[in-house]
Number of protein chains: 2
Amino acid sequence: MTTAKMTAVKTRGISILLVDDHPVVRQGYRRVLEHQDDFSVVAEADNAANAYRAFKSHGPDVVVMDISMPGASGLEAIRNIRARDPDARILVFSMHSEAAQVKAAFGAGASGFVTKGSEPAELIAAIRSVARGEHAMSDDVARVLALESLVPTKSALDQLGEREIEILRQFAAGSTKEQIAANLNLSTKTVQNYHYLIKAKTGMRTDAQLVRLAVECGLANL
Amino acid sequence: MTTAKMTAVKTRGISILLVDDHPVVRQGYRRVLEHQDDFSVVAEADNAANAYRAFKSHGPDVVVMDISMPGASGLEAIRNIRARDPDARILVFSMHSEAAQVKAAFGAGASGFVTKGSEPAELIAAIRSVARGEHAMSDDVARVLALESLVPTKSALDQLGEREIEILRQFAAGSTKEQIAANLNLSTKTVQNYHYLIKAKTGMRTDAQLVRLAVECGLANL
DNA sequence: TGCAGGTCGGGAAATTTGCCCGACCAAATT
DNA sequence: AATTTGGTCGGGCAAATTTCCCGACCTGCA
């Protein structure tokens, strides 16, 4: 087979960059996606930094990205990519569908959000949509977002301020209040007060519930 | 369930039942696996109950199962399947590689344990191994297990008694100490003492660390 | 028979929480 | 320019919890 494969892809199909930290999972998607004959996966990456590099060198039409990656949040990768190319199309492919996470993703510049619980057809359709420059999300994500736009729900984390979020994250990550205070140059007392406030605002009664909330909202990388 | 059937299958290929609660992920694996021409995925299931039903009706050579499924633990599914057919080959395919979880899986009757962070080749090799009746695990799992067999570490949860485990689970699930005491017909004081003991035994300093430990060990369904 | 270990709780000092408060500062309103 | 609003930062103090030690009971086992 001697084909000039890299030529004039734009006119023919959709080139894709896959970002996910699990090789098997990644390869799985790759096969699912390449089964569509107008799709071609031109690169893969397993972390935020490599994703950025791969984007620079391949300039794919669509980036399909799992944002729950180790280390730096995938949100950062989205921001980096968009900073370099404001027309970049990024489709987030996540385990969770917390309203806060979805909003954060779109806020960072994502064009779509599909959960891993969706049917393959939904993912494929979403990729075509974002490639066309539209926004896309899977049904379950839409439902969550719709629900929370109806109700002034303040879905748990949204009502927290910057500082509160940061303290909650460190707390959920396992840090002591003293450590958090030291990290942020605060008095222990202040951190204690934040802790109290966070519990009050989120309605969580137990520290354990707080940790679970943080994990579920993608605040803490489990 | 006759031996005659087994030999017939052996000459042809390896039939596989896929169990994972994420359709896209599942379909991804399916393609990866079916790319091997002696593999054939004969059924899929998205939860423990369906896995058991599918096993009964298809009698696959190997079950490839993600044990971090919603609701009842996948461990239960393993036990159910093995209870019906002690020769069943089950390969666990998990996100995590906590020693406790690996042990629990093998204890429940799994024949292999591969993490989702492994290369596809490792998964494929592992499937062939368990199909042959051998035990298999990916390199990272082996390393974790080896490490913990060398060190008298008693990886976190193993050193806890029945009662301690139960209290830890309820605690991680978000229950108050009073609620736990009420559930188990204990005094609050006793639960407090257990809580203290558990932290001491596991070496966790923070409640948050404790919760994470419990979640990572599959004690609490996130 | 006696020892090891899991279970259950009391006690007392040390620490943390729960809740309220005031102060500062920056942005938005008026 | 003046004021309201809202996030940030911490003090205070009573009440609650944690920490660590202890004794008692029961069971399996050497």
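In what follows, chains carry the letters A, B, and so on, assigned in the order in which the sequence lines appear, proteins first and then strands, with residues in each chain numbered from 1.
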Task: Taking every non-hydrogen atom, the tightest pair across B:A51 and B:M65 - done: CB-CE, 4.3 Å

Under 3.5 Å between N/O atoms: give me all the protein pairs with nucleotides 6-8 of chain D, atom names plus distance.
| from | atom 1 | to | atom 2 | distance (Å) |
| --- | --- | --- | --- | --- |
| D:dT8 | OP1 | A:R163 | N | 2.9 |

Open item on the list: Looking at A:Q179, is its backbone amide N or carbonyl O close enough to the side chain of A:T176 to form a donor-acceptor pair, meaning the two atoms are under 3.5 Å apart?
Closed with: no

Open item on the list: Can you pull out every ring pair (Phe, Tyr, Trp, His ring centres under 6.0 Å) where at least one residue sits in residues 160-213 of chain A? Sequence neighbours excluded, please.
Closed with: A:F171-A:H195

Taking only N/O atoms, report every protein-nucleotides 19-26 of chain D pair under 3.5 Å with atom names and distance.
| from | atom 1 | to | atom 2 | distance (Å) |
| --- | --- | --- | --- | --- |
| D:dT19 | OP1 | B:K199 | NZ | 3.3 |
| D:dT19 | OP2 | B:K199 | NZ | 3.4 |
| D:dT19 | O4 | B:K189 | NZ | 2.9 |
| D:dC20 | OP2 | B:Y196 | OH | 3.1 |
| D:dC20 | O5' | B:Y196 | OH | 3.1 |
| D:dC20 | N4 | B:N193 | OD1 | 2.9 |

Open item on the list: Quick test of your reading of the model: are B:R169 and B:E166 salt-bridged, counting only N-O distances below 4.0 Å?
Closed with: yes

Open item on the list: Would the distance check show the side chain of B:E122 and the main-chain N or O of B:D139 forming a donor-acceptor pair, the cut-off being under 3.5 Å?
Closed with: yes

TODO: Taking the side chain as every heavy atom from C-beta outward, state whether A:L18 and A:L33 have any pair of such atoms under 4.5 Å apart.
DONE: yes

TODO: Mark yes or no for whether A:Q209, through its side chain, and B:G174, through its backbone, hold a donor-acceptor pair below 3.5 Å.
DONE: yes

Task: Atom-to-atom span, CG of A:D207 to C1' of D:dT17 - whole angstrom - done: 12 Å

TODO: Give a yes or no answer on whether the side chain of A:R30 reaches the backbone of A:V25 with a donor-acceptor pair at less than 3.5 Å.
DONE: no

Task: Pairwise distance CD1(B:I167) to CD1(B:I180) - rounded to 0.5 angstrom - done: 6.5 Å

Task: A:R205 side chain to A:K199 backbone, donor-acceptor under 3.5 Å - done: no

TODO: With salt bridge (charged side-chain N to carboxylate O under 4.0 Å, His left out) as the test, would you mind laying out the steps for A:K116 and A:D66 before giving the verdict?
DONE: CA-CA 9 Å; A:K116 291 192 177 175; A:D66 181 351; 2.7 Å; yes

Open item on the list: Using a strict heavy-atom distance below 4.0 Å, which residues from residues 173-185 of chain A are in contact with DNA chain D?
Closed with: none

- [ ] Would you mind reading off the bend of the helix from C:dG2-D:dC29 to C:dT30-D:dA1 from its two end axes, five pairs each, to 10 degrees?
- [x] 30°

Open item on the list: Please give me the minimum heavy-atom distance between B:L17 and B:A54, naming the atom from each residue.
Closed with: CD1-CB, 3.7 Å

TODO: Not counting sequence neighbours, which residues clear side-chain hydrogen bond (donor to acceptor under 3.5 Å, both in side chains) with B:R26? List them please.
DONE: B:E44

Open item on the list: Is A:S187 close enough to D:dG10 that one of its side-chain N or O atoms is under 4.0 Å from OP1 or OP2 there?
Closed with: yes

